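These notes are about the structure you will find just below.
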Amino acid sequence: MTEQNPLLDFTGLPRFAAIKVEHIAAAVDALLAENRACINELTRAQTPASWADFVAPLEDASERLARAWGVVGHLHGVLDSPELRAAYNANQPKIVQYYTELGQNLDLFEKYKALRASPEFAALAQAQRRIVDNEIRDFRLSGAELSPDKKLRFAAISEELAHLGTRFSENLLDATNAYALYVEDRNELAGIPEDVVATARAAADKDGKSGWNFSLQAPSYVPFMQYAAKRELREQMYRAYVTRASEFGKPELDNTPLIARILRLHHEAARLLGYANHAEVSLVPKMAQTPQQVLDFLGDLAAKALPFARKDYAELGEYAAAELGLAQIEAWDLAFASEKLRAARYAFSDQEVKQYFPEAKVMQGLFRLVETIFGVRIGPDQAETWDPAVRFFRISDAQGKLIGQFYLDPYARDTKRGGAWMDEAISRRRLDARVQTPVAYLTCNFSAPVGGKPALFTHDEVLTLFHEFGHGLQHMLTRVDYLGVSGIHGVEWDAVELPSQFMENFCWEWEVLRHMSAHVDSGEPLPRALFDKMLAAKNFQSGMHTVRQLEFSLFDMHLHYDFDASGGKTPQQLLDEIRSRVAVAVPPSYSRFQNSFSHIFAGGYSAGYYSYKWAEVLSADAYSLFEENGVLDSDSGRRFCEEVLAVGGSRPALESFKAFRGREPSVDALLRHSGMTAA
């Protein structure tokens, strides 16, 4: 059957060129039938509760389904079409139903508990013991111990939440794509960089229209808000952006009712499991112990950051009034005025820096860094892809032995959801005598090449690339042979950003940047004087940026901890209250940020958005060892790989951090990196 259906071929890489929409239902149905038959066999009384007889066969079955559905989910995210979307939405409930059945299967649960209590357990490898413990925990969180009627309700909630999350994401993509600002008068584009204007011209031409087409996708929207001199157009774009998927647009794309329903369902599911709220459930597999501990952590950071944020905002207001004639700075002026102030204060602009980061040179520099500190080799490889712009690479050790591979999909397009992410195509595990090497998807939304010139990255985009590559390194450099805790599997959610944020630090090092820059026209590397200006400006408005992240984190945690979704208060009112405490730049009343907050409503970060700041403490402190020993120190790199990346989820993340750093984590390095210290 694998010859007819490429989704059922697990002998190698996904066969993207052969996959058709009609393969999806057939593959899902076949795999679900196989897996259910396997589970029936494993739960028979005669099947020993041992690793070889029970856990390994279940892991095999689970991996096949995860790989096939993972390909479908990946294509849904990067190559969306009405046909693919329909097939995805038709089959997603089957997948959710299966995993709910699996998580609630009392016979499987009893087998795991029997293995945990058996003499064999002590003889298992640490990674295997961790998997068994995680499985027992997850069975409880999936409702395995609920009564039959409550199991049915929990299953229905799980299915509806999956559907609502998908709809939330699709509504946001459709609302983003539905808007276009067409400008006919070239004079109205004053200030906007030429490459952005050229891209807008190409977009209009593609639509068969004259003039210039600016969209709400990041490569168009962000520079427009930073550079467009015409204030009325900035306000127009801003309003369109912050009201996406809200009551101000098409009713069928409004995420407001979805948010209310998602919150009520999360709360109901938590109560079924015996918890007071969804935040308590969310934290069970994380490093943080309680919602209050998270709120205290965020509150402490806010207290430290707010004085700096208020100073940042006051300086911006004074500059905007004195130099830009803006007596009152509005939300649509923030990016524009900030860019002007930064250029005035540090004598450079994002656009100037961007000319030194052509894509090929950046990739070469990234690979050089990774090769230097981790002792690996990265080179091009061959594979079928889903778009001509996608490239494929291999990572090997110093002797040329394959370690892992990855796809890079760098450019924005209207069939692709926004943002940047890493996902797994294949995970590492041992199969008898051989090791299955991991394969990653690295997905970004950068501007594509235009006008015969290569793609150019802003420094922020370079940071994004390094961030996602950090996730990819944890997936690909793992040395754990057991699927449940190899790579990013089994890593606590609030530690999963440690490797990604760790990698960002290198983007501020001269020894790294000078080897990954070449002016698009002259080929000259980034001048040291310009780098020094960038470094001086590194913490420009870091107070404002920090409190904005804290605003999102506090909103998320309160929403899932002590907010009553069935009460009189709306999520918007909660957000307004939080802003009154920690925000310095308050958006206009029509802003509907929450309607596009896909991280927590469609991306798995519910009651977990604080993880970015939590892990930033870990990553900054981990990086401080490289600052002490030399940023390209291969010995520190070897230790980071051995103690953090290689072990994956095979032990608690705090143990991995302490094994690397030799002590408990400290917030000091983060505050120093952010310029928020008394000095």
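Because the structure is predicted, anything quoted here is derived from the model rather than measured.
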Inset, instruction - For the pair Phe597 and Phe552, name the ring-plane relationship: parallel under 30°, tilted 30 to 60°, perpendicular over 60°. - result: tilted

Legend entry - Validation row: Val390, Leu408 side chains within 4.5 angstrom (heavy atoms): no

Inset, instruction - Not counting sequence neighbours, which residues clear side chain to side chain contact (heavy atoms under 4.5 Å, CB included) with Leu477? List them please. - result: Phe374, Val376, Ile395, Ile403, Leu473, Cys641, Leu645

Inset, instruction - Could you tell me whether Glu643 and Arg651 have a side-chain N and a carboxylate O separated by less than 4.0 Å? - result: yes

Legend entry - Spacing of CZ belonging to Arg153 relative to CD1 belonging to Ile157, to within rounding of 0.5 Å: 4.0 Å

Legend entry - Validation row, ring centre Phe640 to ring centre Phe502 under 6.0 Å: yes

Inset, instruction - Look at Arg85 together with Asp174 and state whether they make a salt bridge at an N to O cut-off of under 4.0 Å. - result: yes

Legend entry - Non-hydrogen side-chain atoms of Glu101 and Leu32 separated by less than 4.5 Å: no

Inset, instruction - Would you please indicate yes or no on a ring centroid separation below 6.0 angstrom for His471 and His475? - result: no

Legend entry - Student check: side-chain heavy atoms of Leu108 and Phe54 closer than 4.5 Å: yes

Inset, instruction - Could you tell me whether Tyr407 and Trp386 have their ring centroids closer than 6.0 angstrom? - result: yes

Inset, instruction - Determine whether Glu468 and Met503 make a side-chain contact, defined as any pair of heavy atoms from C-beta on separated by less than 4.5 Å. - result: no

Inset, instruction - Assess the side chains of Asp556 and Ser553: does a donor N or O sit below 3.5 Å from an acceptor N or O? - result: no

Inset, instruction - Could you tell me whether Phe601 and His266 have their ring centroids closer than 6.0 angstrom? - result: no

Inset, instruction - Indicate whether the side chain of Ser486 and that of Arg429 have a donor and an acceptor atom separated by less than 3.5 Å. - result: no

Legend entry - Working for ring-ring contact (aromatic ring centres under 6.0 Å, His included), residues Tyr482 and Trp51: CA-CA 11 Å; Tyr482 301 98; Trp51 185 274; 5.6 Å; yes

Legend entry - Minimal non-hydrogen separation, Val480 against Gly648, with atom names: CG2-N, 4.4 Å

Legend entry - Validation row, ring centre Tyr112 to ring centre Phe139 under 6.0 Å: yes

Inset, instruction - To the nearest 0.5 angstrom, please state how far the OG atom of Ser606 sits from the CG atom of Leu263. - result: 9.5 Å

Inset, instruction - Would you mind reporting whether Tyr441 and Val71 have side-chain heavy atoms less than 4.5 Å apart? - result: yes

Inset, instruction - Check the surroundings of atom CD in Gln382: do more than 12 heavy atoms from other residues, nucleotides or ligands lie under 6.0 Å from it? - result: no

Inset, instruction - Step through it carefully: locate the ring centre of Tyr609, locate the ring centre of Trp493, and say whether they are under 6.0 Å apart. - result: no

Legend entry - Arg116 CZ to Glu110 CD distance, which is reported to the nearest 0.5 Å: 14.5 Å

Legend entry - Lys/Arg cation over aromatic Phe109: Lys113, 6.0 Å, 45° cone: yes

Inset, instruction - Rounded to the nearest 0.5 Å, what's the gap from CG on Asp138 to CD1 on Ile131? Could you check? - result: 11.5 Å

Inset, instruction - Please work out whether the ring planes of Tyr610 and Trp614 are parallel, tilted or perpendicular, with thresholds of 30° and 60°. - result: perpendicular

Inset, instruction - Find out whether Val78 and Thr415 are in side-chain contact, i.e. whether some heavy atom of one side chain is under 4.5 Å from a heavy atom of the other. - result: no

Inset, instruction - Go through the side-chain N and O atoms of Gln92 and Gln97 and say whether any donor and acceptor fall under 3.5 Å apart. - result: no

Legend entry - Distance in Å, Lys20 NZ paired with Ile24 CD1, rounded so as to fall on 0.5 Å steps: 12.0 Å

Inset, instruction - Assess the side chains of Glu497 and Ser500: does a donor N or O sit below 3.5 Å from an acceptor N or O? - result: yes

Inset, instruction - For the residue pair Lys613 and Phe297, establish whether any side-chain heavy-atom pair is separated by less than 4.5 Å. - result: yes

Legend entry - Pair Arg638 + Glu642: basic N to acidic O under 4.0 Å: yes

Legend entry - From CA spacing to verdict: side chain to side chain donor-acceptor pair (under 3.5 Å), Ser62, Glu59: CA-CA 5 Å; Ser62 296; Glu59 197 172 68; over 6 Å; no

Inset, instruction - Would you mind telling me which of Asp387, Asp80, Asp409 makes a salt bridge (Lys or Arg N to Asp or Glu O under 4.0 Å) with Lys416? - result: Asp409

Inset, instruction - State the CZ-CD distance between Arg377 and Gln399, to the nearest 0.5 angstrom. - result: 9.5 Å

Inset, instruction - Could you tell me whether the side chain of Arg417 reaches within less than 4.5 Å of the side chain of Ser169, counting heavy atoms only? - result: yes

Legend entry - Residues Ser282 and His560: side-chain donor-acceptor under 3.5 angstrom: no

Inset, instruction - Please check if the distance between the ring centroids of Tyr98 and Trp69 is under 6.0 Å. - result: no

Inset, instruction - Ignoring hydrogens and angles, state whether a donor on the side chain of Glu170 or Asn89 is under 3.5 Å from an acceptor on the partner side chain. - result: yes

